[in-house]
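Below is one structure; the comments refer to it alone.
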Amino acid sequence: MSKKSVRADFATDLRRGCNEVYEANKSQIWIDQQAVENFAARLPISDVASSVRGLYLPMKFESLRQELTLMCIYHLMDFGSGFDPLLLAKARRDSRETIQFGIIGLHIQGKTLDYHWMKNFSAFDISSIFGFDGREEVPVEGLPCVTMSKPGVLDRFSKALVSTVKDAGAALDETGSRDLGELLMTIIDDLRAQERSKLRAIANAANPTATSSIVSLLMKPSPSAMAPAPRLVEELVENISGFGDRGLVTLPSLAGLGGGGEKRGDEERGDEGEKNVKKEEEENIINNNSVNESNKDTAATVANEDKDRSVLLPFHRKAQALVAAISALLGAKDERLRLKDLDRLCGDSGPLTIAALRALQIIRVSEDVSKVLEGGASAAQSGHSRPQDGEELPVGNLERTLRAAAVVACDRIVEAAAAAAAAADDDTATAA
């Protein structure tokens, strides 16, 4: 289904890249392993698993394809929480509530959300469907009762939504798919066929004289023939660039900031007295285009002559969230949507995750980084841009390094929770 071949396993590249970025900058941003283990020990594993629900739409759908299309559009338009304060002031809803409100309204109206509708998506649709306007009327000086339209505080958000939806519609037209639901199912069917072919090849290699009936028996639905979740993420991004999210980090990414964090050897890590950070300060609103198209298929680590190294981090937050939601919500409805290797998807790297990890003191930052985040004097001295009040953290090395640390921290939490659960099982067995 892919327009061109994709590199194998984005998740491996992401984990390797995030660990490389983290190791290069852990004097500034580091993970407190003791805090990781303390938090993991308190996690009720069964409750965590049952709470993974995804987006629930309390509506009746004519087909699975229709439901998938709405889920895809929701995740495609989910740019995070950076504009929440402005949206709450203008529309009394945060970004996710705004998108849910719009797509539910579209469904109730019976709109056909196909490639044609997406290609013609406009700023007028933003106003009429989602309840806010990217432009605002302002008085004309010297002309009473006369106003003129100009870009408002939500203009960037409006333009991001319009361009993302329009580009996705054009991509659907190019692939020959009627809507996102059809594209998704076509990709899944192709991936399942590839998995069955692998099983067939293994069976034939093991017993070249096996009859076709035996081989067919091996091809019956099984976990091995399920579509792999990481491959589905890759294919979604390959076909619809709006699902993609990449960041290029030049190492050392936090050069210019002073030290004061994790020490080498057996020395203690610094304690900077963590403060909760406003979630919008760590949000990368429009990250789909943070890396040029020409970088899409490069390796995770890119050589830059003999000087600095650059690491490409394929976060793909939207696609990962969509794939996880599809399996959690719809896997029981249709066996094709039961995906394997879900545990190989990476932890979320968004602002809410980063803020939560900092609040738990799992992710710690040096005093210099804290000043940059909170607008301290060292920001101007170091040359690192900092957020103004009410703004998101600007896209750049610091923002991407925080996201990389979040991915590493999530992996460590999972490992620690698994170890704690295994230890508890051993204690139970010993007591019995």
Side-chain angles (χ1 to χ4, degrees), residues 55 57 69-70 72-171 180 240-242 245 278-290 318 350-352 375 385-396 399:
L55 172 68
L57 296 173
T69 295
L70 255 70
C72 287
I73 289 176
Y74 169 78
H75 285 282
L76 184 67
M77 301 180 82
D78 182 7
F79 281 96
S81 59
F83 282 106
D84 280 2
L86 298 174
L87 282 167
L88 286 167
K90 293 283 185 178
R92 298 186 178 181
R93 301 183 186 91
D94 62 26
S95 58
R96 289 181 173 85
E97 290 173 331
T98 298
I99 302 305
Q100 289 182 40
F101 171 80
I103 63 174
I104 289 174
L106 287 168
H107 181 72
I108 293 173
Q109 294 171 29
K111 290 282 188 182
T112 301
L113 307 181
D114 57 6
Y115 75 93
H116 181 75
W117 174 81
M118 297 179 74
K119 285 176 67 175
N120 290 281
F121 193 73
S122 67
F124 175 77
D125 294 308
I126 295 293
S127 177
S128 62
I129 296 170
F130 296 99
F132 73 92
D133 201 331
R135 301 185 68 83
E136 57 188 22
E137 296 293 322
V138 296
V140 177
E141 187 177 354
L143 296 175
C145 303
V146 178
T147 62
M148 65 179 293
S149 176
K150 76 169 194 175
V153 292
L154 291 171
D155 184 61
R156 259 198 325 138
F157 186 44
S158 175
K159 287 180 177 178
L161 292 175
V162 170
S163 63
T164 299
V165 174
K166 288 175 73 74
D167 289 348
L180 288 170
I240 306 293
S241 62
D245 167 14
K278 293 180 180 180
K279 60 185 180 182
E280 64 267 21
E281 288 186 340
E282 296 169 1
E283 173 63 18
N284 174 8
I285 297 299
I286 305 171
N287 46 34
N288 297 326
N289 299 319
S290 60
K318 292 181 183 180
L352 296 180
S385 59
R386 65 175 177 84
Q388 302 298 318
D389 290 341
E391 291 185 356
E392 74 276 9
L393 182 67
V395 175
E399 174 262 342

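All heavy atoms count here, side chains included; hydrogens, waters and symmetry mates do not.
Closest approach of D155 and R135 over heavy atoms only: OD1-CG, 4.4 Å. Summarising the geometry of G242 relative to L76, their closest heavy-atom pair is C-CD1, 3.7 Å, with the distance given to 0.1 Å. Between G169 and K119, the shortest heavy-atom contact is C-CG, 3.4 Å. Listed here is the closest heavy atom pair of M77 and L161: O-CD2, 3.5 Å. Taking every heavy atom of both residues into account, I99 and Y74 meet most closely at CG2-CD1, 3.7 Å. Annotation for G134 and S158: closest pair CA-CB, 3.9 Å, computed over non-hydrogen atoms.
Taking the side chain as every heavy atom from C-beta outward, M118 and L180 approach each other to under 4.5 Å. For the pair V153 and K90, the minimum side-chain heavy-atom distance is below 4.5 Å. Between F83 and R156 the shortest side-chain heavy-atom distance falls below 4.5 Å. The side-chain heavy atoms of F132 and L86, taken from C-beta on, include no pair separated by under 4.5 Å. Between W117 and L106 the shortest side-chain heavy-atom distance falls below 4.5 Å. The shortest distance between side-chain heavy atoms of D78 and R96 falls below 4.5 Å.
Judged purely by atom type and a 3.5 angstrom limit, D125 uses its side chain to pair as donor or acceptor with the backbone of S122. With hydrogens and angles disregarded, a donor-acceptor distance shorter than 3.5 Å links the side chain of S95 to the backbone of G80. In this structure, K318 contributes its side chain and H75 its backbone to no donor-acceptor pair below 3.5 Å.
The line from CD1 of I126 to NZ of K159 is 12.5 Å long, rounded to the nearest 0.5 Å. A distance of 13.5 Å separates CG in L154 from CZ in F130, rounded to the nearest 0.5 Å. Rounding to the nearest 0.5 Å gives a distance of 9.5 Å between CG of N120 and CG of D114. In this structure, NE2 in H107 is found 11.0 Å from OG1 in T69, a value given to the nearest 0.5 Å.
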(request) Test R93 against L87 for side chain to side chain contact (heavy atoms under 4.5 Å, CB included), laying out the working first. (result) CA-CA 6 Å; R93 301 183 186 91; L87 282 167; over 6 Å; no
